[in-house]
There are 2 protein chains.
Amino acid sequence: MTLTELRYIVAVARKRHFGKAAEACFVSQPTLSIAIKKLESELDVRLFERSSKNEIRITDIGQQIVDQAQKVLRETQVIHEIAQQGKDPLSGPFRLGAIYTIGPYLLPDLIPRLNTATPNLTLIIEEDFTANLARKLKNGDLDAIVISYPFDEPGIATTPLYEEPFVVAIPPGHAWNEREDIAVDELAGQDLMLLGAGHCFRDQVLAACPKCMSQSSELTRKLEGSSLETIRHMVAAGTGITVLPCTSLLNRHSNRELVRIKPFADPRPGRVVALAWRKHYPRSEAIETIAEAIRGCDLPGVKRIDDADQAA
Amino acid sequence: MTLTELRYIVAVARKRHFGKAAEACFVSQPTLSIAIKKLESELDVRLFERSSKNEIRITDIGQQIVDQAQKVLRETQVIHEIAQQGKDPLSGPFRLGAIYTIGPYLLPDLIPRLNTATPNLTLIIEEDFTANLARKLKNGDLDAIVISYPFDEPGIATTPLYEEPFVVAIPPGHAWNEREDIAVDELAGQDLMLLGAGHCFRDQVLAACPKCMSQSSELTRKLEGSSLETIRHMVAAGTGITVLPCTSLLNRHSNRELVRIKPFADPRPGRVVALAWRKHYPRSEAIETIAEAIRGCDLPGVKRIDDADQAA
DNA sequence: GTGTTCAATCAAATTTGTCTATGAGGAGAC
DNA sequence: GTCTCCTCATAGACAAATTTGATTGAACAC
């Protein structure tokens with residue numbers, strides 16, 4: 001049985017005439033006769049009563065089958081409609097993941113931007129650790145993720161979005177209160193609070209300040225499962241100091257008077273935030289659009305990385 | 001788009017592996033790859049995300065299309081099921097027509113017979129004049145009709161069922177009360193009551209007794225729209241005499257004592273009852289079965305005509 | 001009878017579908 | 001890095017199917 005045969009029997013049922021049905025199907029009359037004969041033979045059922053002079057009649061069973069054939073053809077049409085509607089890569093659901101230390105600062109700006117730029121794109125947001133995001137991306141549970149370098153996974157492509165310097169956060173009464181900037185190595189003697197294992201930001205800070213590595217282990221252990229906001233509050237309370245990505249310094253945070261922010265002295269440590277997706281992900285246009293939207297976000301202190309820079 | 005292609009994409013969606021899907025479809029992997037590529041190109045939509053190492057992934061739109069494809073395939077299966085169920089020509093509805101002067105006497109015996117012999121055949125009965133039955137038969141509103149010869153219509157085949165002699169019905173006090181039989185020509189002097197125009201039985205009686213033709217016209221005009229049973233009652237009431245087909249003499253009629261039945265003298269007039277159907281009607285087995293069932297009916301005074309006789 | 005109409009049939013050309021063999025690309029082992 | 005394996009894509013050849021124009025046959029109208 002083929003869809004063509006079904007179209008033919010529906011045409012014959014409508015026209016009640018082989019020649020006219022053939023014309024309506026844009027085929028010759030023998031084509032139609034043979035096709036119907038083939039279908040009748042396959043189903044082992046007589047669909048039409050041929051009479052040479054008068055119009056063709058449909059058998060009872062033929063009518064039932066023609067009705068069902070029409071249903072099949074309608075459902076087939078739906079496939080075309082789905083394809084037509086879904087052809088735009090900028091429509092439909094898009095599952096975007098982001099790490100904990102980026103999501104809360106990037107997404108409030110990004111989501112309204114995308115909703116305006118691509119109203120048919122339904123964003124579904126998920127925050128998690130890099131490792132979990134990577135797994136979900138590979139699974140297909142996510143379509144793209146916002147992470148920070150280093151990030152190299154087989155089958156995954158990335159594009160850098162912006163470079164984000166780190167800054168130091170100290171309580172108001174701290175000895176560094178009047179300092180212009182802080183050298184990375186100076187962190188070693190301080191009560192440095194960092195996020196727990198799993199947060200890539202922790203590793204990035206420690207990588208930037210190798211001397212902190214041994215010293216901070218006990219303190220940071222207490223902050224497993226914490227967040228930058230919690231740590232910021234602890235800084236305000238005088239428990240210690242911390243390092244923050246500059247995007248977390250959005251002016252909507254009410255406690256900004258309670259912590260002092262100091263930049264690092266050159267060479268300033270930082271990280272590159274990137275978008276990652278499966279190499280064979282078909283909606284590349286959606287990827288590009290989202291990458292551009294992120295680059296266009298108004299984030300404090302970051303240095304945007306354009307596609308051209310990436311190639312260099 | 002072909003049903004085969006839909007089967008292929010469903011298989012790939014299930015197996016998430018081109019090679020295994022091809023195996024499940026009993027085709028080679030290139031066959032499947034090409035078919036899917038063709039469908040993707042036709043729909044202008046990427047259905048699957050291929051990756052060389054890991055299992056393939058279905059795109060959002062691909063999943064929608066695969067779901068819809070499964071629906072199409074299920075509906076296609078229904079066509080096969082309809083064909084399978086309806087393959088037996090002795091099942092399903094069968095629309096049988098009969099003329100007024102046969103139906104009431106034949107059908108009460110025929111219907112229970114057929115219900116037993118062919119329980120899947122749903123008889124739908126219709127009584128009408130010959131001309132209306134012929135029209136409905138040609139239309140396809142009826143599948144077969146029981147009529148009496150002469151009956152010759154283009155595109156319609158017939159088979160004789162039985163020969164039915166006519167008899168004379170007289171009131172108890174009639175002059176012919178003690179007669180053994182009646183000659184046809186003797187009817188001419190009587191108050192002969194006949195059915196109205198349209199009833200073939202009327203024409204048949206008049207054809208058998210040409211002398212009655214002129215004389216009876218006024219009387220029979222009063223009986224337009226009547227029935228044999230009404231006329232029988234009128235005979236019992238002494239209004240006149242009539243001619244009946246012998247099958248109308250079933251012993252269940254309570255007024256048989258009130259009319260006397262006399263056979264005709266040789267050559268006895270009568271008629272041949274036949275089954276008629278469209279020459280190309282596909283359920284010939286059903287026709288044969290019904291013809292045989294009618295021949296097997298227990299009708300008083302008829303002479304059964306077998307298929308063999310028909311050929312002669 | 002002749003002519004007309006319509007579907008079935010036929011033989012030939014075309015298209016489609018399928019196969020085997022091979023290629024390309026990526027991932028992982030070494 | 002190179003090699004190998006795995007997976008899907010591609011190429012060319014072949015077989016099967018679809019399609020077509022021409023013809024035939026049946027049924028009917030005149």
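Basis for what follows: all heavy atoms, side chains included, without hydrogens, waters or symmetry-related copies. The chains referred to below are lettered A, B, ... by the order of the sequence lines, with proteins before strands, and numbering in each begins at 1. Given the structure is predicted, the values throughout are model-derived calculations rather than measurements.
A side-chain N or O of B/Gln63 and one of B/Asp67 form a donor-acceptor pair less than 3.5 Å apart. Counted by atom type alone, A/Arg271 and A/Thr101 present one or more donor-acceptor pairs between their side chains at under 3.5 Å. Donor-acceptor pairing under 3.5 Å is lacking for the side chains of B/Ser284 and A/Arg46. Side-chain contact check for A/Thr289 and A/Arg283: no donor-acceptor pair (N or O, by modelled atom type) lies under 3.5 Å.
For the pair A/Phe18 CZ and C/dA7 C1', the interatomic distance rounds to 7 Å; values are reported in whole Å. If you take CG of B/Leu47 and P of D/dC8, they are 15 Å apart, rounded to a whole angstrom. Distance, B/Glu49 CD to D/dC8 P: 13 Å, rounded to whole Å. The CZ atom of B/Arg7 sits 10 Å away from the P atom of C/dT18 (whole-angstrom rounding). Separating the CG atom of A/Asp152 from the P atom of C/dG28 is a distance of 11 Å, rounded to the nearest angstrom. Rounded to whole Å, the distance from CD on A/Glu40 to P on C/dA7 is 13 Å. Here C/dA8 presents its C1' atom at 17 Å from NZ of A/Lys38, a figure rounded to the nearest Å. If you take CD1 of A/Ile36 and P of C/dA7, they are 10 Å apart, rounded to a whole angstrom.
When the side-chain hydrogen bond (donor to acceptor under 3.5 Å, both in side chains) test is applied to A/Thr59, no partner is found at least two apart in sequence or on another chain. For B/Ser28, the side-chain hydrogen bond (donor to acceptor under 3.5 Å, both in side chains) partners are B/Thr31, not counting sequence neighbours.
Side-chain contact between B/Arg14 and B/Val10: present, with at least one pair of heavy atoms (C-beta onward) separated by less than 4.5 Å.
Note on A/Lys37: a side-chain N or O is less than 4.0 Å away from OP1 or OP2 of C/dT9. Distances shown here put every side-chain N or O of A/His280 at or beyond 4.0 Å from the OP1 or OP2 atom of C/dG25. OP1 or OP2 of D/dT7 has not a single side-chain nitrogen or oxygen of B/Arg50 nearer than 4.0 Å.
Toward the 5′ end of DNA chain C lies the nearest nucleotide of B/Glu5, the other residue of the pair B/Glu5 and A/Ile156 mapping further downstream. Toward the 5' end of DNA chain D, the nearer of the two residues A/Tyr8 and B/Lys279, judged by each one's closest nucleotide, is A/Tyr8.
Using a 4.0 Å cutoff on non-hydrogen atoms, the parts of residues 22-35 of chain B near DNA chain D are B/Gln29, B/Pro30, B/Ser33, ordered by number.
Across all strands, B/Lys20 comes closer than 4.0 Å to no nucleic acid atom at all (heavy-atom distances).
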